[in-house]
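What follows is a single structure, written as structure tokens, with notes after it.
Just so you know, ligand 1 is whichever comes first in the structure, and atom 1 is the first atom listed for that ligand. Starting from 1, each residue takes its place in the sequence as its number. In this text the structure is predicted, and so the values were computed from the model without any measurement.
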Amino acid sequence: MKLWGGRFQKETDKQVDDFNSSIRFDARMYREDITGSMAHAKMLGKQNIIDPQEAELIVKTLGEILEDIEAGKVEFLVDAEDIHMNVEKLLTDRIGLSGKRLHTGRSRNDQVALDIRMYLMAQEKEITSCLSALLEVLTSLARKHIHVIMPGYTHLQKAQPITFAHHLMAYAQMFMRDMDRIADCYHRTSVMPLGSGALAGTTYPLDREYVKELLGFEKITDNSLDGVSDRDFALELAADLSILMVHLSRFSEELILWSSHEFSFVEMDDAYSTGSSIMPQKKNPDVAELIRGKSGRVFGDLMGLLTVMKGLPLAYNKDMQEDKEQIFDAVDTVLLCLPVFTNMLSTMKIREDVMYRGAGGGFTNATDAADYLVKKGLPFREAHEILGKLVFYSIEKGCALSDLSLEEYKQVSPVFEEDIYSAISLETCVNERSLPGGPCEKAVLKTIEKCEEFIKNFSI
Ligand code: ARG
């Protein structure tokens with residue numbers, strides 16, 4: 001018979017049992033469910049709501065059940081519906097009446113809210129520690145390649161020279177923001193809902209603060225209806241993870257471009273590439289492509305979660321069981337992508353010479369040549385026009401700005417002098433951009449140090 005079978009005259013249809021059951025995907029919350037129940041039982045005993053000795057027996061037996069589950073000795077039952085009732089059934093099978101007292105002053109509605117919050121809190125910590133490992137790789141690569149000049153792009157057209165370190169540290173900013181967002185979300189996840197009951201709280205003198213302390217939550221929920229209805233923390237996490245996947249996907253896209261024959265800025269390690277079944281020469285950046293592709297799953301999870309929640313009246317509705325597979329998938333996907341991305345990055349070969357050569361083509365120093373004229377007193381708009389003419393002339397001639405003779409420069413503007421050549425060298429272009437946040441060595445070093453501090457001080 002079902003734990004709630006008293007009111008029923010008939011068994012549930014087998015098809016409905018299968019349909020209703022969530023054990024297939026919520027079994028992964030067994031540890032949170034058991035830990036939550038242990039805290040609830042301890043509190044019931046402390047408050048003399050149940051006999052303190054029975055409370056102790058419940059806690060002890062739950063501990064044994066946890067060990068058995070971890071040792072693979074327990075098989076969950078589909079017709080016990082979900083992880084909450086499976087654990088309760090295991091408990092009552094072992095200690096009978098005492099086990100049946102555990103659910104006093106509690107509903108599965110506040111229980112599932114508790115479990116999922118606890119589960120996500122652990123995952124949030126895990127994700128930020130993976131992000132931290134990724135940032136470590138980024139900062140150490142940036143330190144190593146602080147002088148490596150490469151072309152920067154806008155519209156994927158060569159724009160101005162920057163350094164590889166500067167480019168890497170741009171991504172570091174994104175991942176630091178991701179960590180901040182997830183830490184922020186953690187504080188809204190870390191709110192203890194037990195005591196909300198089914199929706200209207202309970203008449204038993206529960207000590208909610210005590211349970212909060214036992215389970216390491218920061219606060220208790222302030223409204224019993226909201227306590228069982230709220231899934232904002234899951235929506236928020238899915239949104240944060242979607243943004244994180246946007247970052248991984250954009251980075252992957254660049255790595256895919258950069259490892260093409262046309263760019264050849266980087267070469268993936270053999271261990272992080274795959275071959276073709278027909279073309280013997282191929283070395284494909286599958287890992288980066290898959291990460292770019294997997295971003296779609298996480299965005300889908302976010303859309304799915306928003307859609308499940310948007311029309312629900314307060315408080316709990318069974319629709320909310322659909323939250324789990326989606327938020328779990330988002331978390332699993334991110335936890336799958338982050339470590340492999342980090343290792344791919346730390347093992348890839350960086351072709352400094354190709355990057356440098358790339359920085360030289362495409363008139364990436366034209367802005368600096370115009371700035372040169374401005375420093376000599378010309379208005380920027382005029383300087384822009386003069387450089388436009390020189391670029392056009394060079395394209396016709398098939399050469400770079402630095403290949404023009406001083407006579408050629410002077411033909412367009414008499415202001416040019418011999419020092420134009422050093423003013424438009426790639427090194428000058430990068431080094432002169434020395435404002436905070438710029439690509440020159442000193443400025444980039446500062447951001448690297450800031451990022452290293454961030455990693456060191458980060459905690460949830
Ligand atoms: N398996 C359910 C879920 O995941 C647990 C809560 C069930 N509560 C209820 N009143 N049916 O949402």
Side-chain angles (χ1 to χ4, degrees), residues 1-8 10-37 39-40 69 74-92 100 102-123 189 191-202 221 223-235 237-238 301 304-332:
M1 191 168 96
K2 294 274 190 301
L3 291 176
W4 39 255
R7 182 231 184 277
F8 288 78
K10 254 191 188 175
E11 287 293 302
T12 325
D13 188 283
K14 174 85 184 68
Q15 199 180 27
V16 173
D17 262 345
D18 290 342
F19 184 67
N20 228 6
S21 171
S22 54
I23 188 66
R24 207 172 68 249
F25 48 83
D26 65 18
R28 65 159 83 189
M29 301 194 301
Y30 69 87
R31 197 175 306 114
E32 290 73 21
D33 194 74
I34 290 176
T35 319
S37 287
H40 182 65
I69 295 174
V74 171
E75 211 181 301
F76 294 124
L77 305 174
V78 169
D79 61 357
E81 204 175 314
D82 54 26
I83 186 61
H84 325 295
M85 292 206 287
N86 265 277
V87 169
E88 197 177 327
K89 185 173 180 327
L90 287 164
L91 184 70
T92 49
K100 292 187 181 178
L102 168 66
H103 210 50
T104 313
R106 192 178 67 170
S107 156
R108 265 188 302 155
N109 299 350
D110 54 359
Q111 187 178 359
V112 71
L114 178 86
D115 291 7
I116 190 155
R117 281 177 184 271
M118 288 171 67
Y119 182 84
L120 294 181
M121 282 155 71
Q123 302 301 305
T189 313
V191 191
M192 207 290 295
L194 283 190
S196 302
L199 74 160
T202 174
T221 52
N223 178 296
S224 64
L225 281 176
D226 185 51
V228 288
S229 309
D230 175 28
R231 292 293 182 273
D232 288 1
F233 56 90
L235 300 178
L237 180 60
D301 294 329
L305 281 166
L306 289 168
T307 313
V308 165
M309 295 306 294
K310 79 171 180 74
L312 298 185
L314 301 184
Y316 178 83
N317 300 268
K318 186 77 171 189
D319 315 43
M320 288 160 75
Q321 182 165 287
E322 291 292 312
D323 62 356
K324 280 166 218 66
E325 281 166 293
Q326 313 198 57
I327 192 63
F328 292 163
D329 183 71
V331 165
D332 291 351

Looking at [atom], what's its closest protein heavy atom, distance included?
| atom | answer |
| --- | --- |
| atom 11 (N) of ligand 1 | Arg108 NH2, 3.4 Å |
| atom 4 (O) of ligand 1 | Lys324 NZ, 2.6 Å |
| atom 5 (C) of ligand 1 | Asp82 OD2, 3.4 Å |
| atom 10 (N) of ligand 1 | Asn109 OD1, 3.0 Å |

- Item | Atoms in ligand 1 with a heavy atom of His84 nearer than 4.0 Å | 5 (C)
- Query: Atoms of ligand 1 less than 4.0 Å from Ser22 heavy atoms?
  - Reply: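 In order of number, 1 (N).
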- Kindly say whether the aromatic ring centers of Phe76 and Tyr30 come within a distance under 6.0 Å. no
- Message: I'd like to know whether ligand 1 has Gln111 as a neighbour, heavy-atom separation below 4.0 Å.
- Response: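 Judged by the 4.0 Å heavy-atom criterion, Gln111 does not count as contacting ligand 1.
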Ion pair [X]/[Y], N-O distance below 4.0 Å:
| X | Y | answer |
| --- | --- | --- |
| Arg28 | Asp332 | yes |
| Asp230 | Arg117 | yes |
| Arg24 | Glu325 | yes |

- Item | Heavy-atom check, side chain of Met29 versus side chain of Lys324, under 4.5 Å | yes
- Task: Answer with side chain, backbone, both or neither: which part of Glu81 has a heavy atom less than 4.0 angstrom from an atom of ligand 1?
- Result: neither
- Gln321 to ligand 1: N or O pair under 3.5 Å?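 Yes; the residue has a nitrogen or oxygen that sits under 3.5 Å from a nitrogen or oxygen of the ligand.
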- Examine Tyr316 against ligand 1 and note whether any of their N/O atoms are separated by less than 3.5 Å. yes
- Do Arg106 and Ser37 meet the criterion of a side-chain donor-acceptor pair at a distance under 3.5 Å? yes
- Of Gln321, Arg108, Gln111, the one forming a side chain to side chain donor-acceptor pair (under 3.5 Å) with Asp82 is Arg108
